[in-house]
Amino acid sequence: MRDMHCHILPGVDDGAANLRASISMLDAAVDAGVDWVVCTPHVRRPYFDFSAMNRAYRVFKDAAGRRYPRVRVSLGWEVNHHTLIQLGFERWAPLLGFEGTGEFLLELSDLATPSSFDLYERSIFALQGMGYRVVIAHPERCRAIQEDAALAEDLVRMGCKLQASADFVAGGRLGTSKGPAKRLFKAGLYSYIASDAHTPEHYRLLSRAIKKYGSKLTP
């Protein structure tokens, strides 16, 4: 099982604080049945340091390979749309796709309004023009989608895949994600469930989410 979204790299964002914490998360991931970990540090302020994140990835991948030789580790990024525009779309978008798969994990603003989606649409089409398959991270957290699931349907019609973060089964961040996520699952809009892990506990939530909702994913 691939976990396509987690904050397991040591000391680079609000996930694992150090390598020991990273390995504890990896142990929990393996216990949950994960055999492919895609490391996706935040591309948003105040965390984004491209060089430091690449160094952390090499350290973690080496340690993970010694502990679990059969577990695949690869690098991706969770790219906040607003930060990408601030950094410079043309410069940074080509550097922030997933290693080896051609996917691009895009985070929309939790506070986005319906009018924001015109800008998202332009960016999504530009990323697709670069050859990326765009995956939208945790749309269940986006207030506009919470209020109007048709916006999520529009994203899917544009060719995006939607990824649920497993903490929705416990209410999610601020306790507002479970209901919206259930509606999106009922509509058959999700293609992925990921841990979005910041701690080992999130892998226990991943197991719960996969058990209950894994059959509702759309390829």
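Since we're looking at a predicted model, the values are computed, not measured. This chain uses plain numbering: 1 for the first residue, then up along the sequence.
Looking at residues two or more places apart in sequence or on another chain, you find a ring-ring contact (aromatic ring centres under 6.0 Å, His included) between His138 and His5. Listed by chain and number, the residues in a side-chain contact (heavy atoms from CB on, under 4.5 Å) with Thr113 are Ser115, Ser116 (sequence neighbours excluded). With sequence neighbours left out, the salt bridge (charged side-chain N to carboxylate O under 4.0 Å, His left out) criterion links Asp196 to Arg141. For the side-chain hydrogen bond (donor to acceptor under 3.5 Å, both in side chains) test, no residue two or more places apart in sequence or in another chain qualifies with Asp49. When the salt bridge (charged side-chain N to carboxylate O under 4.0 Å, His left out) test is applied to Asp148, no partner is found at least two apart in sequence or on another chain. Partners of Tyr57 by ring-ring contact (aromatic ring centres under 6.0 Å, His included), not counting sequence neighbours: none found. Residues passing the side-chain hydrogen bond (donor to acceptor under 3.5 Å, both in side chains) test with Ser123, sequence neighbours excluded: His81. Applying the side-chain contact (heavy atoms from CB on, under 4.5 Å) rule to Pro139 yields the partners Ile136, Ile145, Leu162, Leu184, Tyr190; only residues at least two apart in sequence or on another chain are considered.
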### Query
Do Arg67 and Asp27 pass the salt bridge (Lys or Arg N to Asp or Glu O under 4.0 Å) test, and can you show the C-alpha distance, the side-chain angles, and the key distance before you say yes or no?
CA-CA 9 Å; Arg67 191 170 186 87; Asp27 290 341; 2.8 Å; yes
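Between His42 and Asp14, the side chains place a donor N or O and an acceptor N or O closer than 3.5 Å (distance only, hydrogens not considered). Side-chain polar atoms of Asp35 and Tyr68 form no donor-acceptor pair below 3.5 angstrom.
Residue-environment remark: CZ (Arg20) stays at or below the threshold of 12 foreign heavy atoms within 6.0 Å.
Of the possible donor and acceptor atoms, none in the side chain of Glu140 sits under 3.5 Å from a partner among the backbone N and O of Gln146. The closest donor-acceptor contact from the side chain of Ser165 to the backbone of Asp167 lies at 3.5 Å or more, if one exists at all.
There is a path of hydrophobic side-chain contacts, each under 4.5 Å, that joins Met130 to Leu95. Using a 4.5 Å cut-off between side-chain heavy atoms of Ile, Leu, Val, Met, Phe, Trp and Tyr, with links allowed through other members, Tyr132 and Leu119 fall into different hydrophobic clusters.
Met4 belongs to a hydrophobic cluster whose other members, connected by ILVMFWY side-chain contacts under 4.5 Å either directly or through intermediates, are Trp36, Val38, Phe98, Leu105, Val135, Tyr192.
Residue pairs meeting the side chain to side chain donor-acceptor pair (under 3.5 Å) criterion with at least one member in residues 209-219: none, sequence neighbours excluded. Within the structure, salt bridge (charged side-chain N to carboxylate O under 4.0 Å, His left out) contacts touching residues 118-135 (residues at least two apart or in different chains) do not occur.
The two residues Ala137 and Glu78 make their nearest non-hydrogen contact at CB-OE2, 4.1 Å.
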Only distances under 3.5 Å count here; give the side-chain donor-acceptor pairs of residues 83-92 to other protein atoms, sequence neighbours excluded, each with its distance to 0.1 Å.
residue : atom : partner : partner atom : Å
Thr83   : OG1  : Asn80   : OD1          : 3.2
Gln86   : OE1  : Arg45   : NH1          : 2.6
Gln86   : NE2  : His82   : NE2          : 3.2

